[in-house]
K.L.:
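Below are the structure tokens for one structure; questions will follow.
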Amino acid sequence: MPLSWYLVFGALLFMIGVVGVLTRRNVIIVLMSIELMLNAVNVTLISFSHYLQDLRGQIFTLFIIAVAASEAAIGLALVISMYRGKSTFNLDEVNVLKW
Amino acid sequence: MEVPALLEGTAALLPHVAVLVTGLVVLVLDLFLPPRGRWATEATSLVGLALAFACALCQAGGEPRTVFMGMAAVDGLGTFFNAVFVLIAALTVLLSAPYVRRENIRPGEYYALMLFATLGFMFVGSSSDLVMMFLAIETFSMATYILAGLLRDTPRSLESAFKYFMLGSFSSAFFLYGIATVYGALGTTNLVALSQAMSAEGTSPLLLMGMGLLIVGLGFKVAVVPFHMWAPDVYEGAPTAVTAFMTAGPKAAAFAALLRVFAQGFGAPAFSEEWVPIFAVLAALTMLLGNIVAIVQQSVKRMLAYSSIAHAGYAFVALVAHNAAGAGSILYYLVAYAFMSLGAFTVLMIVARRDDQRHAFDDYAGLGVTNPALAAIMSLFMFALAGFPPTAGFAGKFYVFSAAAQSGYYVLAVIGVLTSVMSVVYYARVVILMYMHEPDADAPRIRLAPTSMAALGVTVFGVLYLGIFPGGVMHLAARSVAFLFPG
């Protein structure tokens, strides 16, 4: 398959992630959308890496996976402490400060 | 990688290693200390930071080179930023010491996270590869997400951390996508190799898309309009000592990243003409919106948050100038702003008293009567932020706007001067309240801890020294960036 298919796939995945972050109000789904954006980048990097016959892209992907995991850890920790305080997963109810 | 190269690389990154080791030591030390021995964590942090500062100074003046297979750069820019970040961290330790006791924060995790964030800043300043830069940005971002939410029983702090985390990771994804696109267009992520490959191959739509995504990603980190919406909420909700750290550190680190990526990587004239107009619009919007919205704020903390956005706009003007004077004045401005902002937030922290509540303008009424020294210091910071001579704020703005005029961006310089005049309205409001209004009789008395006094002393000295003798630091800054603009 040509490179452009993978790139379009990556771009679509990224857009789905962006739309998810901007429109969804459930915290967990927003976190999932951010993961989706990161994985879209991974797809793009790996396809470029294959196309350029250069391993750096794939190694960078491994770094991104590790960073995404630690980001998820912090995100979920914040979700838990928010749920303890407010008993909600809805982002619209996080509004002590003006958004 | 051979052993000599590894040793040479480690030696070149000694300041970073010193901060990392200090962070780890503080983290472990805290477990073994009795509650009364808390001062030991602060003392250890300060000693470690002093060592890192000494290591950074030893590296000054060498030829630009890269270590660890082109991942980290050892050059004037990196050394200057290392010294600045270590200084910011040391001041933050000083100003946080009474705050950590008052709000009952565990000192071990607080100082360790702060040192890890500082490590991230330092790696941003000395990264010469986009992969390295991404990892460094994530390092300091994650540490600051946690710091912002450290008072996790207070809804404000938690909400601030939450918003910071959401928009921070959102922007990181854009930054990453930008790196991936640039990598696809040029086949490398090394900044030096990037600028060479670009000169050989010219622009392509893919490359321009990557550049745009990098601007969005870094724009969020600097909080430049229209990517600023998170900043006021996050700065207002975070614990005040952390807000002080966040306005100085991550902001300077994001500018280090902008200088590395855009002045070094995309610096060639054929490419700078693509991004300079975008940056010019962003700078103008940031200065206007930051200053206008700051006028109507009811809380001094939120006002300073908008003021921090406005100051990012001024520093952005110097980036637009894209010449040696501009790059030098960014460094100068960041140092000046770090002193002004850390100092002002220290006063805020003291006035807020227990539970970090009193941040309204009215809480400053009559401070000139009840605590003349503190009021005088706060007035100095307000005048410095507004850009009055003979303070650092004036010299910084002077250098920035003259660099912009030198490159022919007169409109930006005029907008900058006009918005600075506008900013006098809200900075003067604090001063007027302190001196011309009656104090609130019920308010508890203000007590100054010795470490707060030390932090205030250093920042006051810095603001005045940089304002009265700007030449020395400006000369250093100009020398540090000279390699970016040869000839």
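Predicted, not measured: the structure shown is a model, and the values here were computed from it. Each chain gets a letter, A, B and so on, in the order its sequence line appears, and its residues count up from 1.
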K.L.:
So what's closer than 4.5 Å to chain A heavy atoms on B:T139: side chain, backbone, both or neither?
P.N.:
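B:T139 has no heavy atom closer than 4.5 Å to chain A.
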K.L.:
Please identify, among A:V30, A:V79, A:L52, the residue contributing the most non-hydrogen atom pairs under 4.5 Å to chain B.
P.N.:
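Option with the greatest count: A:L52.
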K.L.:
Less than 4.5 Å apart, any side-chain heavy atom of A:V41 and any of B:F175?
P.N.:
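A side-chain contact under 4.5 Å is absent here.
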K.L.:
Does any backbone or side-chain atom of B:L206 lie under 4.5 Å from a heavy atom of chain A? Answer side chain, backbone, both or neither.
P.N.:
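Just the side chain, heavy atoms under 4.5 Å.
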K.L.:
Determine, using ring centers only, whether B:W230 and B:F220 are less than 6.0 Å apart.
P.N.:
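So the answer is no for these two rings.
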K.L.:
Select one option (side chain, backbone, both, neither) describing which atoms of A:I34 are under 4.5 Å from chain B's heavy atoms.
P.N.:
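Interface part for A:I34: side chain.
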K.L.:
Under 3.5 Å, is there a donor on one side chain and an acceptor on the other for B:Y426 and B:N291?
P.N.:
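Judged by distance alone, the side chains do pair up.
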K.L.:
Among A:F14, A:F63, A:Y51, which has the most heavy-atom pairs under 4.5 Å with chain B?
P.N.:
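Of the candidates given, the most pairs with chain B belong to A:F14.
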K.L.:
I'd like to verify something: which residue of B:S169, B:G187, B:S172, B:S160 has the highest number of heavy-atom pairs under 4.5 Å with chain A?
P.N.:
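The residue among B:S169, B:G187, B:S172, B:S160 with the greatest pair count is B:S169.
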K.L.:
Can you tell which part of B:F162 gets under 4.5 Å to a heavy atom of chain A, answering side chain, backbone, both or neither?
P.N.:
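Looking at B:F162, backbone and side chain both touch chain A.
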K.L.:
Is a donor on one side and an acceptor on the other found under 3.5 Å between the side chain of B:S308 and the backbone of B:L304?
P.N.:
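No, the answer is negative, given that no donor and acceptor are paired below the 3.5 Å cut-off.
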K.L.:
Check this for me, if you would: do B:K301 and B:E236 make a salt bridge, where the nitrogen-to-carboxylate-oxygen distance has to be below 4.0 angstrom?
P.N.:
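No, B:K301 and B:E236 are not salt-bridged.
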K.L.:
If you count heavy-atom pairs under 4.5 Å between each of B:L130, B:D153, B:L176 and chain A, which one has the most?
P.N.:
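If we count pairs closer than 4.5 Å to chain A, B:L176 comes out on top.
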K.L.:
Could you report the tightest heavy-atom contact between B:G70 and B:N190, atom names first, then the distance?
P.N.:
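Shortest heavy-atom separation between B:G70 and B:N190 comes out as O-ND2, 2.8 Å.
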K.L.:
Would you please indicate if the ring centroids of B:F116 and B:F121 are separated by under 6.0 Å?
P.N.:
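B:F116 vs B:F121: aromatic centres not under 6.0 Å.
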K.L.:
Quick check on the interface: out of A:L7, A:D54, A:N42, who has the most heavy-atom pairs with chain B under 4.5 Å?
P.N.:
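Ranked by heavy-atom pairs under 4.5 Å with chain B, first place is A:D54.
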K.L.:
Do B:F227 and B:F174 make the cut of ring centroids closer than 6.0 angstrom?
P.N.:
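Distance test on ring centres: not under 6.0 Å, no.
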K.L.:
Give, as side chain, backbone, both or neither, the part of A:V67 having an atom under 4.5 angstrom from any heavy atom of chain B.
P.N.:
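Answer is both: backbone and side chain atoms of A:V67 are under 4.5 Å from chain B.
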K.L.:
Below 4.5 Å, heavy-atom pairs only: which of B:R156, B:M142, B:R152, B:E138 has the largest tally toward chain A?
P.N.:
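When all of B:R156, B:M142, B:R152, B:E138 are compared, B:M142 has the most.
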